Amino acid sequence: MTTAAPSPTADLVQLGREPIAADALIRHVRQAHDGAVVTFDGCVRNHSHGRATLYLEYESYESMAIEKMKEIAASLHTLFAIDGVAIAHRLGRLEIGETSVFIAVSAPHRKAAFDACRHAIDTLKKTVPIWKKEFFEDGAVWADGELPPLPAATPAAKPAS
Amino acid sequence: MTTAAPSPTADLVQLGREPIAADALIRHVRQAHDGAVVTFDGCVRNHSHGRATLYLEYESYESMAIEKMKEIAASLHTLFAIDGVAIAHRLGRLEIGETSVFIAVSAPHRKAAFDACRHAIDTLKKTVPIWKKEFFEDGAVWADGELPPLPAATPAAKPAS
Amino acid sequence: MQARVLFFGKLKDIAGSAERCVEFRSGETISELFERCASQKPELAPFRSSVVASRNQEFAPWTAVLESGDEVAFLPPVSGG
Amino acid sequence: MQARVLFFGKLKDIAGSAERCVEFRSGETISELFERCASQKPELAPFRSSVVASRNQEFAPWTAVLESGDEVAFLPPVSGG
């Protein structure tokens with residue numbers, strides 16, 4: 001008996017104010033034909049640049065952000081030999097130790113799972129329109145970020161949606 | 001107020017026949033001063049080299065394996081800017097989908113957590129005396145593996161323990 | 001012709017609002033739309049070089065020509081994750 | 001002098017047992033200990049080049065000189081993970 005080609009797992013992408021259910025994301029990507037699941041859990045640190053952080057607030061251009069997150073998930077399948085992808089980002093006020101972003105990637109072999117998970121968080125931090133405000137005892141600041149790369153000038157205009 | 005230097009989290013290393021409690025390993029490494037937790041979950045695939053796997057059995061040179069796993073955990077702290085490490089490997093019979101190895105690494109920043117987690121599983125697969133037997137419908141085989149690198153010839157003999 | 005303009009993060013604080021409607025003439029680009037915003041709110045001008053723009057939820061070059069009803073956002077460096 | 005010798009994985013199947021005690025003379029190396037085992041169980045001989053040895057739970061070179069009471073294991077390629 002040889003194994004049938006497994007059906008691909010649908011990508012799961014979430015953006016919301018509720019705590020991220022990491023277990024559900026892992027269960028979503030973890031299939032019987034996978035030999036490896038790599039996860040990245042981005043959590044709220046109690047310090048930033050040597051100062052004690054009290055809490056964070058994330059805001060987002062939500063309609064665009066969810067599309068960019070879906071694009072990242074889709075791109076992983078073309079770049080890496082992976083199976084399932086789940087990406088979740090939380091918005092609103094987050095306390096120390098809470099998860100702001102969680103990514104799970106499954107694959108038959110570990111190298112693709114590691115490469116894809118890392119690529120996903122690196123790309124998310126560069127291209128998804130989400131902003132973090134850090135609250136300290138003596139005030140709040142918008143975190144330094146990365147300027148997304150712009151596309152080259154396009155001749156054809158895209159109609160309003 | 002500046003943050004106090006966090007106390008390091010003790011490494012957690014497990015080798016046994018019970019199912020691996022991934023949640024407990026993650027909770028062990030995940031501290032308030034961490035911004036990233038990367039995990040690797042090695043699971044039993046339903047196929048190997050195109051054949052349907054029924055189940056696996058892992059055996060180990062247990063006294064040596066647990067020492068080698070502790071050495072890997074310790075080495076991560078010297079190689080990478082990480083916080084906590086948990087490494088667990090399961091022995092005995094494992095069914096499809098079960099976790100054979102689980103590694104969790106926490107760090108202030110994500111790059112170190114990714115690098116260390118990957119280094120840990122790569123090193124474990126090369127140096128820890130554990131062997132996997134794959135059971136198929138028509139028989140069983142010891143999986144191909146990697147020959148651990150030997151130390152250079154040592155002049156001083158080590159006494160029996 | 002009119003575009004819906006959105007500001008986020010630090011830029012929203014400076015613009016004083018998250019959203020406004022801006023009138024423009026046929027053929028104008030995103031860059032000219034930003035200038036219109038900066039002429040109403042001069043504090044925005046220094047940020048021209050440190051923001052990117054999107055048009056209808058896609059990153060867009062400053063030279064992109066607007067159509068009526070476009071949703072344009074000015075996005076400071078992103079810091080999700 | 002005596003060493004406790006352990007076999008694992010495929011080598012255990014070939015040796016027919018997981019463990020045995022092997023007598024050796026002062027000054028002998030791990031390589032000579034393997035030859036003693038292979039002389040008792042000739043099927044082991046071909047594996048000399050595809051196993052590594054440990055001595056008292058540490059990887060050891062074939063040239064390591066034995067002491068009485070040593071625990072020596074012959075380890076085929078490992079496949080944990």
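Just so we're clear, the structure is a prediction, and the values are computed from it rather than from any experiment. Chain letters run A, B, ... following the sequence lines, proteins first, then strands; residues in each count from 1.
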#### Entry: Within-4.5 Å side-chain heavy-atom neighbours: A:E98 and A:R93
no

### Task
Return yes if some donor-acceptor pair links the side-chain N/O of A:R110 with the main-chain N/O of B:G42 below 3.5 Å, else return no.
no

### Message
As an exercise: rank B:F40, B:F114, B:F136 by heavy-atom pairs under 4.5 Å with chain A and give me the winner.
### Response
B:F114

### Task
Check each of B:D83, B:D34, B:V85 against B:T9 using the side chain to side chain contact (heavy atoms under 4.5 Å, CB included) test, and report the only one that passes.
B:D83

### Message
Are the side chains of A:I130 and A:H89 in contact, using a 4.5 Å heavy-atom criterion?
### Response
yes

### Task
Just give me the residue among B:I103, B:I96, B:D122, B:I26 that pairs up with chain A most often, heavy atom to heavy atom, under 4.5 Å.
B:D122

### Task
Heavy-atom distances under 4.5 Å only: say whether A:V38 touches chain B with side chain, backbone, both or neither.
both

### Task
Side chain from CB out, backbone as N, CA, C, O: work out which of these in A:D23 comes under 4.5 Å of a heavy atom of chain B, or both, or neither.
side chain

#### Entry: A:T99, part contacting chain B, at a heavy-atom distance under 4.5 Å
both

### Query
Is the shortest side-chain N to carboxylate O distance from B:D115 to A:R118 below 4.0 Å?
yes

